[in-house]
Visitor: 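Quick one: structure below, then a few questions.
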Amino acid sequence: MLAWSQKEDVVGLKAPKREKRVKKENRTQPPVEAPYVARKPKIPRKSLPDKTVEIFDGMTLLDLSKRTGAHISTLQGILADLGEKVESEFDSISIDLAELVAMELGVNTRRMHTGEGMNEPRPAVVTVMGHVDHGKTSLLDALRQTSVAAKEAGGITQHIGAFVVEMPSGASITFLDTPGHAAFSAMRARGAAVTDIVVLVVAADDGVMPQTLEAMSHAKAANVPIVVAINKCDKSGADPERVRIQLGSEGLLLEDMGGDVQVVEISAVAKSGLDKLEEALLLQAEMMDLKARIDGPAQAFVVEARVDRGRGPLATAIVKYGTLVSGQHIVVGAEWGRIRSLRDTAGNITQSAKPAMPIEIEGLRGLPMAGDDVVVVDSEERARMLSQGRKKKQEKDRLRKIDEGMAEELEIKEETPERVEMPIIVKADVQGSVQAVTDALRSLNSAQVFVNVVHVGVGPISQHDIDLAQACGAYIVGFNIRSPPISITQAAARANIKVLLHKVIYHLLEEMGRAIVERAPGTTETQVSGEAEVLNIFELKGRSKSKGPDIKIAGCRITDGHFSKSGTMRLLRSGDVVFEGPCASLKRETQDAETIEKGNDCGLVIQDCDDFQVGDIIQCLEQVIRKPKFISTQSGSVRIEC
C-alpha cells in the first residue's frame, strides 16, 4: 500500500492509465449543401382481401375463436355488448350471433346451413343463356305459351324473369331468362349462381358469338351442366353442324363427339323440338338427383328487386333450402323486414314457398341488391341488429375501396392527362338493371373523362333527382321507366339538366358515348398542315430604324396542304431541321393573307430566321385537338378510345 501511494511500480499490480478527456471542438464549417428532394407521397398499399370464415347454427365459442383467430375473452366481450352472456367456451351460439360477432371483428362470413331434415325431390332451376337475339325469350315464350318478347323493348330482355313452366309430362321446371347484351354480364353470372342446369341457346344461322362464350364460362365457373339448344333451325341459312364444330373447338364436349353435353335442335317460332328439349332437361335433372331440405328455416337468393308505388320494395327470390313462410322476420343483404305477403309467378298470394319456387316478397324496409341472400331470423330485434351490422360493414368496405382508388390515382397521376368529371344519376325499373346499367356506364371511363355515378335508384325520376343533378351538374339517365310528369320535365328544362330516357341498352350507351366524347377535352397534337418549296429569296435592305433591321423573304410555292399565318414554320434542308419558329409575315402577291391554299405562290418571313436557300422545304405546323372516339362492336360491347 505504501508503494502504491508513492506511485512505485509493484510487480503484478499495474494501475490502468486514465485517458484524458478531450473536449470536442464545435463545428464551425457549414454542412455540405445537397439538392432538396421532395418526399414522394406515401401511397398506401392495397389491403389484403378480407378473411372469410364459415359459420353454422349451434357452433361453440371455441369453434368461432379458431376460425376468426380472435381470443375467447374478446368474443365474450362482443357478445356482452350485444346483450348475450356466454360463460363457457363450449356453449353454443346461434348463426345470427356468430355473424354479428364476425362482423364486429371485420371478418366476412359464409353461412353453412345444416342438411338435417326431410329431403324431398325438387324441381330443377334452369337458366337460359346465350347471345343477344338468339331466341332465348322466344324459347320460353313457346314453352309457357305467353308473349314476353313482344313486351320487351326491341325484343331484347332487359332484366331477369323467373317463371315456373308446367311440362305436359306433369313435371315442373323453374326457368330464369337472362339478358344477352354485353352490359348484363353480372346478371348472367347471378343467374348461373342459383341454377342447376344451363340451357345454352345458339342460333343456327349465326353460330357461336362472344356472349355465347361468356355464358359458357359462367356455367363452367359455377360447375353447372350445360344443355345446348340450337335454335332457328327452320331458317334457310341454318347450319347446325357448323355450330357443333364451333362449340367443340371451344372445349364443349358434345354427345355427338363422345362427350356428355346434350344437343337439341329446336325452333322456338315453329315450336318444333320442344319435346326433345323437355326430355333432355328432365333426363339431366334425374341424373343429378335434385333434393332439398323442406323443413326448417329457409335460405333464398334475390333475383331482382324493384319498388312498387303502392306496395313498396319488392324482391323476387328463389328458395334454395327450407320453407319460407309469410309473417317471418327476414334479413335480405343489408335490409330487413317482416314478410307481409308472398306471391307466386302468377301473382297469386301464397302462405309458404318451398325449394326451387320463385316468389315475390313484400314487406321489406328497403330495397335489397340483386344477388343478396335471404336469411330468416327469430325476432325483429335480431333482424334490425343484423341489418345495422351489415350496413356498417358495407360502408367500411366502400370507404376502403375509395382509399384504394385514391392510391391508384396518385400512382398514375403524373402519366395521365387532365381528366374532366361527368356526373350521372341512374334510375331504372329494377335493382338488377340499375347495377347492369351502372357497370356499363363505368366501363366508358377513359383517360380524359371520368364517369362518376353519383346516385342510383329504382323507380321514376323525382324532384329530388332534379335537385341533386342541379347541385352537381349531372346527367339523369332513366332506363326502362315511365316518362316523368310535366312538372319534373319543366323543372329539368329550367335547370338546363339533360334527361335521357331509353328502353334499349344499345341506344342508351350510344347516346351517352356521344355525350362523353363531347365532354372530353381532347389531346393537343402537332400536325403538318402544308409544305412549300423555296423558289427565290428577296432581301429588304436600308430600312429605317423605326421599321427594324433588314429582313429576308422566302418566295415559296405551296406544294401540299395549306399555310396559315398562325402556324409554326419549320425550315428543312436535305431532310434536316435548320430552324423552327413563328411566322412573322405571310403575303400573297402584295396582300397580307391568313391562309393560302395548295398551288399558290406566297412570300414568307420567319421570325429571327434569315438562313434561306433556294430548294429548301418549309413546313407549316398547326396545333389540333383530337377528341376520343366512341366504338361499338357487333357483339354489343362499347368503349371510348383515346
Side-chain angles (χ1 to χ4, degrees), residues 153-154 156 158 181-184 405 408-409 412-413 415-428 433-457 461-462 464-481 483-484 488-527 529 564 566-567 621-642:
I156 302 169
Q158 307 293 347
H181 188 268
F184 293 88
E408 289 178 359
E409 286 181 6
I412 62 174
K413 192 173 183 181
E415 302 175 4
T416 54
E418 182 183 356
R419 296 176 81 186
V420 297
E421 183 182 358
M422 187 171 187
I424 298 175
I425 295 172
V426 177
K427 301 297 291 283
S433 296
V434 168
Q435 294 178 33
V437 172
T438 303
D439 293 341
L441 290 174
R442 283 177 176 156
S443 70
L444 296 178
N445 271 328
S446 66
Q448 298 183 26
V449 178
F450 169 59
V451 178
N452 183 16
V453 181
V454 295
H455 176 67
V456 297
I461 298 171
S462 63
H464 170 72
D465 300 323
I466 300 295
D467 297 339
L468 180 59
Q470 187 175 4
C472 60
Y475 281 65
I476 298 179
V477 174
F479 180 73
N480 210 13
I481 59 175
S483 299
I488 300 294
T489 306
Q490 291 176 348
R494 284 194 300 269
N496 198 20
I497 296 170
K498 290 188 178 180
V499 179
L500 310 179
L501 298 176
H502 287 282
K503 293 186 177 295
V504 178
I505 190 72
Y506 294 116
H507 304 157
L508 170 63
L509 293 180
E510 285 176 3
E511 187 166 355
M512 285 307 302
R514 289 194 295 269
I516 289 171
V517 169
E518 289 177 7
R519 180 72 68 92
T523 54
T524 304
E525 293 182 349
T526 302
Q527 69 176 17
S529 62
S564 175
S566 60
L621 309 177
E622 287 185 349
Q623 299 286 333
V624 295
I625 296 177
R626 187 170 68 88
K627 291 274 192 177
K629 294 179 181 178
F630 173 73
I631 298 176
S632 176
T633 61
Q634 290 183 351
S635 63
S637 60
V638 294
R639 69 180 188 275
I640 302 291
E641 190 175 86
C642 295

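Positions are given from 1, in the same order as the sequence printed here.
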Visitor: So, for Leu501 and Pro484, which heavy atoms are closest and what is the spacing to 0.1 Å?
Guide: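 What the structure gives for the nearest pair is CD1-CD, 3.5 Å.
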Visitor: Atom NZ in Lys498, atom CD1 in Ile424: separation rounded to 0.5 Å?
Guide: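 With rounding to 0.5 Å, NZ (Lys498) is 12.0 Å from CD1 (Ile424).
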Visitor: Which value, rounded to the nearest 0.5 Å, describes the distance between Leu509 atom CG and His502 atom NE2?
Guide: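 The NE2 atom of His502 is 9.5 Å from CG of Leu509, to the nearest 0.5 Å.
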Visitor: Distance from Leu441 atom CG to Tyr475 atom OH, nearest 0.5 Å?
Guide: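 One finds 12.5 Å between CG of Leu441 and OH of Tyr475.
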Visitor: So, the side chain of Asn445 versus the backbone of Arg442: is there a donor-acceptor pair under 3.5 Å, distance only?
Guide: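 Present.
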Visitor: Would you check, one step at a time, whether the test side chain to side chain contact (heavy atoms under 4.5 Å, CB included) holds for Thr489 with Val499?
Guide: CA-CA 8 Å; Thr489 306; Val499 179; over 6 Å; no
Visitor: Calculate, to the nearest 0.5 Å, the distance between atoms NZ and CD1 belonging to Lys427 and Ile461 respectively.
Guide: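 Rounded to the nearest 0.5 Å, the NZ-CD1 separation comes out at 7.0 Å.
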Visitor: Step by step, work out the side chain to side chain contact (heavy atoms under 4.5 Å, CB included) result for Val451 and Met512.
Guide: CA-CA 10 Å; Val451 178; Met512 285 307 302; over 6 Å; no
Visitor: First locate atom CD1 of Ile425, then atom CD1 of Ile466, and finally report the distance between them rounded to the nearest 0.5 Å.
Guide: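 The CD1 atom of Ile425 sits 8.0 Å away from the CD1 atom of Ile466.
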Visitor: Please name the pair of heavy atoms, one in Pro423 and one in Gly473, separated by the smallest distance, quoted to 0.1 Å.
Guide: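 The answer is CG-O, 3.5 Å.
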Visitor: How close do Val454 and Cys472 get, heavy atom to heavy atom, and via which atoms?
Guide: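 Heavy atoms of Val454 and Cys472 come nearest at CG2-SG, 4.2 Å.
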Visitor: Can you name the nearest heavy-atom pair linking Val434 to Gly457, along with the distance?
Guide: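 Heavy-atom minimum between the residues: CG2-O, 3.4 Å.
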Visitor: According to side-chain hydrogen bond (donor to acceptor under 3.5 Å, both in side chains), does anything in residues 512-522 pair up with another residue at least two apart or in another chain? List the pairs.
Guide: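 side-chain hydrogen bond (donor to acceptor under 3.5 Å, both in side chains) check on residues 512-522 returns no pairs.
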Visitor: How long is the gap from CG on Leu508 to CG on Asn480, to the nearest 0.5 Å?
Guide: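 So the gap between those two atoms works out to 11.0 Å.
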